[in-house]
Undergrad: 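Mind having a look at this structure? Questions to follow.
In the text below, chain A, chain B and the rest are named by the order of the sequence lines, each starting its count at 1.
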Amino acid sequence: MKQENSDLYDRIYEIVSRIPSGKVSTYGAIAAYIGLVSGARVVGYALNNLDLRNVSNSVPAHRVVNRLGQLTGRAHFPGDSMKERLEQENVMFTEEYTVDIQRHYWDPREELI
DNA sequence: GCCTTGACGTTAG
DNA sequence: ACTAACGCCAAGG
């Protein structure tokens, strides 16, 4: 069965919304879960459209970081709300704008476990 | 309708 | 171990 573009975006938002508090996920993990091998860029683009959809409050995009744990999307957030948000979740930061991804890494399949 | 850019990731040197 | 280039999908110009 073929998936429409809208479904792809919706799926991304759904997975991101499933990220538990105090945990972070990566674009690649989400992309891989959907079926995209190296289409992690699409995931980022989808989150960018979040602002256009005005659902930023429903989708914790601040919990999504790259595989290095760097807050690459912090520039798209008002001020440092992304970093403060993660700190509010007791997420440990290895650097100013880098979270301890190896410790707080969360995979979409963990909910299945 | 073609080309460039982008919240990334992997492989090669 | 670090740096450079290529690849992927989607949207805007």
Undergrad: For A:Tyr105, does the six-membered ring have the charged nitrogen or CZ of A:Lys23 within the cation-pi criterion, i.e. under 6.0 angstrom from the centroid and within 45° of the normal?
TA: no
Undergrad: Would you indicate which nucleotide in B:dG9, B:dA7, C:dC9 comes nearest to any side-chain atom of A:Phe77?
TA: B:dA7
Undergrad: In whole angstroms, how far is the P atom of B:dC8 from the CZ atom of A:Arg74?
TA: 12 Å
Undergrad: Rounded to whole Å, how long is the line connecting atom CZ of A:Arg67 with atom P of B:dA7?
TA: 18 Å
Undergrad: May I ask you to verify if any side-chain N or O of A:Tyr27 is less than 4.0 angstrom from the OP1 or OP2 atom of C:dC9?
TA: no
Undergrad: A:Tyr13 side chain to A:Ala46 main-chain N or O, any donor-acceptor pair under 3.5 Å?
TA: yes
Undergrad: Just the rounded figure in Å: distance from C1' of C:dA11 to CG of A:Asn48.
TA: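 After rounding, the gap between these two atoms is 10 Å.
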Undergrad: What is the distance, to the nearest angstrom, from the CD1 atom on A:Ile101 to the C1' atom on B:dA7?
TA: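 It works out to 14 Å between those atoms.
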Undergrad: Could you tell me how far apart A:Leu47 (CG) and B:dC8 (C1') are, to the nearest whole angstrom?
TA: 12 Å
Undergrad: Mapping A:Val42 and A:Leu68 onto DNA chain B by nearest heavy atom, which one lands closer to the 5' end?
TA: A:Val42
Undergrad: Which of the following nucleotides, C:dA10, B:dC8, B:dA7, is nearest to the side chain of A:Leu8?
TA: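 Among the listed nucleotides, the one closest to the side chain of A:Leu8 is C:dA10.
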Undergrad: To the nearest angstrom, how far is A:Tyr33 atom OH from B:dG9 atom P?
TA: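 Atom-to-atom, A:Tyr33 to B:dG9, this comes out as 19 Å.
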Undergrad: Rounded to the nearest Å, what distance is computed from the CD1 atom of residue A:Ile19 to the C1' atom of nucleotide B:dA7?
TA: 13 Å
Undergrad: To the nearest Å, how far apart are A:Ile30 CD1 and B:dG9 P?
TA: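 For the pair A:Ile30 CD1 and B:dG9 P, the rounded distance is 10 Å.
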Undergrad: Could you tell me whether the side chain of A:Leu71 reaches within less than 4.5 Å of the side chain of A:Phe77, counting heavy atoms only?
TA: no
Undergrad: Look at the side chain of A:Thr26 and decide which nucleotide, out of B:dG9, C:dC9, B:dA7, has an atom nearest to it.
TA: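 Given the options B:dG9, C:dC9, B:dA7, the side chain of A:Thr26 is closest to B:dG9.
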Undergrad: Just to confirm, is there a sub-4.0 Å distance from OP1 or OP2 of B:dT5 to any side-chain nitrogen or oxygen of A:Arg41?
TA: no
Undergrad: Are A:Trp106 and A:Ile30 linked, directly or through other ILVMFWY residues, by side chains that come within less than 4.5 angstrom of each other?
TA: yes
Undergrad: Using the C1' atoms only, state how far C:dC6 lies from B:dT4, rounded to an integer number of Å.
TA: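 Here B:dT4 and C:dC6 have their C1' atoms 16 Å from each other.
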Undergrad: List the atom of A:Ser58, the atom of A:Ser17, and the distance in Å for their closest heavy-atom pair.
TA: O-OG, 3.6 Å
